[in-house]
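To start, the structure itself, in structure tokens.
So you know, we letter chains A, B, ... as the sequences are listed, proteins then strands, and number each from 1.
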Amino acid sequence: MARLITNQEIARVFYEIADILDLKNDNVFKIRAYRRAGQLIEGFEKPLSQVADLESLPGIGKELSEKIRALLRGEELETLKNLRKEVAPGLLALLRIRGMGPKRVRTLNEKLGVKDLNSFCRALGEGEILNLAGFGPKLVDDLKKGLSEFQEYSKRTRLDLAKTQAEALVEYLKEAKGVGRVEVAGSLRRRLETIGDIDLLVTGKDPKAVMERLVNYPKVREILSKGNTKSSVVLESGVQADVRFFEPKTFGAGLQYFTGSKAHNIAIRTIAKQKGLKISEYGVFRGEKLIAGRTEEEVYQTLDLPYIPPELREDRGEIQAGREDKLPELIGLKDIRGDLQVHSEWTDGASPILEMAEQAKKLGYEYLAITDHSKSQRQTGGLDEKELRKEFQEIDRLNQKLKGFRIFKGVELDILKDGSLDLPERILKTADLVLGSVHSHFNLPKPDQTRRLLKALGSGMIQIFSHPTGRLIGEREPIMIDWSRLVPVLLEKKIAVEINASPHRLDANGDLAKYLKDQGVIFSLGTDAHTLGGLKDMEYGVFTARRGWVEAEEVINTWPLNKLENWLRNRR
DNA sequence: GCCGTTTTCGGCCCGACTGTTTTCAGTCG
């Protein structure tokens with residue numbers, strides 16, 4: 001059977017059509033219609049194959065709905081096929097280069113025969129380009145930079161790296177003369193797992209002082225633009241930071257607008273329009289009159305909506321939920337009472353168990369699970385039955401000494417290729433908790449991978465299914481699982497799914513967590529810490545859980561010690 | 001290509017910034 005096309009892929013088709021039309025200098029509104037539809041589809045909460053009346057979607061009319069139906073049937077679009085014949089395929093990549101838009105691409109194509117990255121690179125090196133109207137030495141210089149940037153940094157930045165840099169810059173900007181608030185916006189504020197660039201919003205008395213301070217930031221590698229209300233710089237790390245200044249009375253509107261997501265804002269503006277209001281980054285307007293904008297709460301209020309936490313602003317049902325007063329009460333870092341995935345020097349961790357426990361205590365936790373690897377993880381020094389028994393004895397001894405704190409005897413048990421377990425049941429039954437993990441054979445076909453997991457999770461030995469997809473952000477794709485078949489087992493065996501808080505993993509991610517939550521699955525948050533510092537990664541797990549609409553009660557390590565102990569015991 | 005209580009044609013978001021200009025075009029978000 002042909003695989004069903006995803007929303008993501010449909011959106012990509014529309015974006016490509018829009019790009020080509022752009023290069024052809026076609027009607028800008030037609031181009032915008034394709035892009036708008038792409039955005040809507042990308043952020044749509046369910047697969048379009050399940051939408052009966054496509055034309056009821058805003059921005060989808062007769063033409064686009066027909067095209068979507070064709071794509072869903074697995075057909076190739078005639079429109080796109082024909083358009084592709086009209087432009088050199090290499091030209092589309094040039095649009096991704098900073099400083100290059102459709103007009104410049106077209107000019108270089110027509111006048112200098114540029115048709116791809118290589119010929120673009122050559123053209124930049126030749127003097128002829130300077131004879132073209134609108135192309136001066138400074139622009140050519142900028143385009144060269146844009147090109148090398150494109151080649152060097154087409155990757156997005158991991159959340160933790162971006163957050164650290166953004167926070168340092170926020171602190172620095174707060175020292176500017178007359179500055180008021182400095183806030184992070186954009187995908188970083190929504191806690192997306194990777195971010196494109198850092199967006200900061202500033203308010204205060206003196207925009208010039210803020211922008212002046214920004215360009216003097218020691219970690220600025222390059223200044224892309226500098227104005228009174230907006231400046232952009234590239235930091236040493238290669239991440240771009242955009243800083244915008246807003247008057248206090250429109251700061252909330254600016255923050256709302258630049259936090260996004262695009263899909264969320266489109267939905268918000270649609271509601272505003274229905275109410276006869278106009279909403280932009282400069283406020284909510286009735287006619288010419290500014291009626292809200294100082295705070296985000298104010299902006300949402302004019303639309304009869306409660307404040308929507310940034311992590312939910314993806315147009316995945318949060319607006320509807322807000323209207324019905326059904327927004328979740330999202331989990332927070334303060335709800336966490338312990339860490340349920342931690343490694344020690346017994347395997348590949350850097351510190352003794354006691355030090356990890358003391359650090360956890362300092363973080364205000366009541367308990368901690370030591371979950372070292374099982375034996376087939378040889379490169380980590382995974383423990384066999386005998387060694388694990390010794391580790392458990394050590395933990396028993398430590399628990400007798402520690403007051404008001406509990407260390408759980410855990411193990412991160414390998415799920416082998418055929419779904420069997422890496423250690424015998426007799427030792428697993430002496431553990432307080434068992435995490436089940438896939439660390440090998442990531443590329444099994446979906447049916448095999450699903451069968452493997454059904455067997456392992458069906459064994460009744462596993463209480464937490466840890467880093468369930470095995471993905472590493474930017475490095476390894478998730479394993480393929482038929483979740484609809486796994487969910488019944490998770491529910492029947494009362495297995496919690498881990499939201500792994502390591503910023504390299506964030507697994508389950510927000511989307512998967514939301515899906516599982518809706519099916520009634522519960523969660524566990526673990527940092528997978530291998531060092532004392534690693535225990536601090538819990539916040540990333542909380543961010544991810546929030547993106548999954550998860551509430552504190554649905555996470556087992558927000559529970560008090562005795563409740564968690566009961567849950568762990570009653571499952572044996 | 002979409003849309004409509006100003007409705008089937010004629011609108012559709014636009015402000016900020018830069019570079020190349022001498023009043024503006026192109027890009028970006």
Nearest non-hydrogen partners of A:A513 and A:V550, listed with the distance = CB-CG2, 4.3 Å
Shortest non-hydrogen contact from A:A11 toward A:G38 |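 That closest heavy-atom pairing would be CB-O, 3.4 Å.
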Could you tell me which nucleotide pairs with B:dG4 by Watson-Crick or G-U wobble geometry, both distances under 3.5 Å, or answer none if nothing does?
-> B:dC9
From [options], nucleotide with atom closest to [X] side chain:
X: A:K138; options: B:dG29, B:dG19, B:dC17; result: B:dG19
X: A:K67; options: B:dG29, B:dT18, B:dG1; result: B:dG1
X: A:Q240; options: B:dT27, B:dG29, B:dT18; result: B:dG29
X: A:S225; options: B:dG29, B:dT18, B:dG1; result: B:dT18
X: A:L64; options: B:dG29, B:dC2, B:dT27; result: B:dC2
X: A:P102; options: B:dA16, B:dT20, B:dT27; result: B:dT27

Taking atom [atom1] in both [N] and [M], what distance in whole Å separates the two?
N: B:dG11; M: B:dT6; atom1: C1'; answer: 11 Å
N: B:dG10; M: B:dG15; atom1: C1'; answer: 24 Å
N: B:dC13; M: B:dT18; atom1: P; answer: 26 Å
N: B:dT27; M: B:dT21; atom1: P; answer: 15 Å
N: B:dG26; M: B:dT20; atom1: C1'; answer: 11 Å
N: B:dC2; M: B:dT8; atom1: C1'; answer: 12 Å

Between A:Q301 and A:E297, does any side-chain donor sit less than 3.5 Å from a side-chain acceptor?
-> no
Does one side chain, of A:T250 or A:E247, offer a donor that lies under 3.5 Å from an acceptor on the other?
-> no
Counting only side-chain N and O atoms of [X], is one of them less than 4.0 Å from OP1 or OP2 of [N]?
X: A:R32; N: B:dC13; value: yes
X: A:K230; N: B:dC28; value: no
X: A:T229; N: B:dC17; value: yes

Within the structure shown, what part of the strands sits under 4.0 Å from [X] by heavy-atom distance: base, sugar-phosphate, or nothing?
X: A:K278; answer: nothing
X: A:I17; answer: nothing
X: A:I60; answer: sugar-phosphate
X: A:R36; answer: nothing

5'-most contact on DNA chain B (nearest-nucleotide basis), A:D199 vs A:V140, goes to A:V140
Within 45° cone of A:F258 ring axis and under 6.0 Å: A:R244 NZ or CZ =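 Yes, A:R244 sits over the ring of A:F258.
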